[in-house]
Structures are given as structure tokens and as C-alpha cells.
Amino acid sequence: MNTLPTRLLIAPSLLAADFARLGEETAAVERAGADWLHLDVMDGHFVPNITFGPLVVKALRKHTAMPLDVHLMIAPADPYIAAFAEAGADHISVHPESGPHLHRTLQLIRSLGKKAGVVLNPGTPVEAIVNVLDLVDIIMVMTVNPGFGGQAFIASQLGKIATLRRLIDQTGRDIVLQIDGGITPATAPDVLDMGADCLIAGTAVYGTQDYAKAIAALRAARRSGRPDVADGGG
């Protein structure tokens, strides 16, 4: 039986924080009730933006006890995975498109004692990960195109989320279904109705004056059920 998280996980995305105060911003969302800290690593090649690397992850590690949820939007990813693991990442998620051998990449992440995640862009089908689910701890669905924060939610991805919820439940594995992109109190209920376990939120948390109130608003958008969506998308 799949034992899902007993409460909705909220993972604020540091991409939307004040980059001059990353340590303070990290501690602030932890005090506000966040579960994980989401770190978007971008290389200006795989996505059209550049953020930070392992040194920033290492610096942030001492500011929080929260799991560091590292999303690698870089290509190739494999040469840098060990550095992020050593820097203190708890979860490392990669895109199927970021290297030629997804199975090997996931093996590498898990061999370093880290949780392994796979990220599906809006145009990436569910079928891209079906054959590696035995190595997956997190599936992240991008509900925007990766590269920039503050984008509008892509509603066509709801069917994909529902399909993945059914797929995860069929495996019986403890795989967290995570959603990233355009998440707000307005879009969260639809996402949760499709079966999401974890919401990544950037501007919906860091763009507010009261982080605790923002996180509570997202957590209040409870799942009302897991409908059997006929058109699974993806």
C-alpha cells in the first residue's frame, strides 16, 4: 500500500526570494511552516536563465534543517550531481532530456544516498518515466515552462497529474507527486484534486509580506478527492 505524506508538503522556491538575503530568507520560510526548500539550479543552456550552483547550496545548508530539494535544470546533469550531493542536497531531481541515460542518472543519485526525482516539462510525456519508476522517489510536474518564476499556470497539465497519481498508486511505492509552476491559492485546489502531494511555490510565498499566512493559505487548499480523469494527458 502506498503510504503518502500525511499532510500536504509546501516547498517554497528560493528563486523568488531576495538573493541578497538568502540565508535569512531560508530561515524565514522554515519559521513560517515550510516543509522543504526548493532550489532551482539553471545553467543558461538547458533553460534560458542562470541561478546558482553547489556553493550556494552548501552555504544554505547551515541555515536550515529543512530538506533541500534541488531541481537541476542543467545539461549535462551527471557531472555535477556528486557536487550537489556533497553540498548538502537531500533530493536531486533531473529532467529526462538532460542526459542520454536517465536510468543511470537516477542510479547515481541514489548511490550517493539522496532521494531521486524526475521532472516532466509541459511537453514531456508520462511515458518518459514509466520504465524507471523503481528508482524514483519524487515526480515533479512542471505546470510552466522551466526557466523563470512568476509564469502563469498551464491548466492542460492537470490531466498529466491525474495520470501520474494513478500510476504511482498502482506501483505501491512511496513516490511524492510534486507540482511546480504558477502555484497559488487559486490554482492549488485543482492540482490537489488531481492527487498532488507537494506544492512548490515561489512568488506565492516570497512575493508576500507574511510568509506564514501564505504557506497556510496553500496548505488550506486541501485535496477533495482523486477523480478518475478519463483523459490523462501526457
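Scope of the values below: all heavy atoms of this structure, side chains included, with no hydrogens, waters or symmetry mates.
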Are any of the side-chain heavy atoms of Leu60 and Phe52 separated by less than 4.5 Å?
no
Are any of the side-chain heavy atoms of Phe153 and Val191 separated by less than 4.5 Å?
yes
Write down the atom of Gly182, the atom of Thr187, and the distance for their closest heavy-atom approach.
O-OG1, 2.9 Å
Rounded at 0.5 Å granularity, tell me how far CD1 in Ile179 sits from CD in Gln157.
9.5 Å
Find out whether Tyr211 and Glu25 are in side-chain contact, i.e. whether some heavy atom of one side chain is under 4.5 Å from a heavy atom of the other.
yes
Is there side-chain contact between Leu39 and Val56, with heavy atoms separated by less than 4.5 Å?
no
Report the residues that fulfil salt bridge (charged side-chain N to carboxylate O under 4.0 Å, His left out) with Arg61, sequence neighbours left out, ordered by chain and then residue number.
Asp90
Could you check if a side-chain atom of Leu133 sits within less than 4.5 angstrom of a side-chain atom of Leu167, using non-hydrogen atoms only?
yes
Is there a side-chain contact between Met140 and His38 in this structure, where contact means two heavy atoms from C-beta onward sitting under 4.5 Å apart?
yes
Under 4.0 Å between a side-chain nitrogen and a carboxylate oxygen: does that hold for Asp35 and Arg219?
yes
Just wondering, do Asp69 and Lys115 contact through their side chains at under 4.5 Å, heavy atoms?
no
dist Ile109:CD1 -> Ile92:CD1 (nearest 0.5 Å) comes out at 5.5 Å
Name of the residue among Val205, Ile183, Ile215 meeting side-chain contact (heavy atoms from CB on, under 4.5 Å) with Leu199
Ile183
With a sphere of 6.0 Å drawn around CZ of Arg104, does it hold more than 12 non-hydrogen atoms of other residues, nucleotides or ligands?
no
Only pairs under 3.5 Å count here: list side-chain donor-acceptor contacts from residues 70-89, not counting sequence neighbours, and write none if there are none.
| from | atom 1 | to | atom 2 | distance (Å) |
| --- | --- | --- | --- | --- |
| His71 | ND1 | Asp40 | OD1 | 3.2 |
| His71 | NE2 | His95 | NE2 | 2.8 |
| Asp78 | OD1 | Thr105 | OG1 | 2.7 |
| Asp78 | OD2 | Thr105 | OG1 | 3.3 |

Co-membership, hydrophobic cluster, residues Val130 and Ile139, 4.5 Å side-chain
yes
Minimum side-chain heavy-atom gap Tyr206-Leu14 below 4.5 Å:
yes
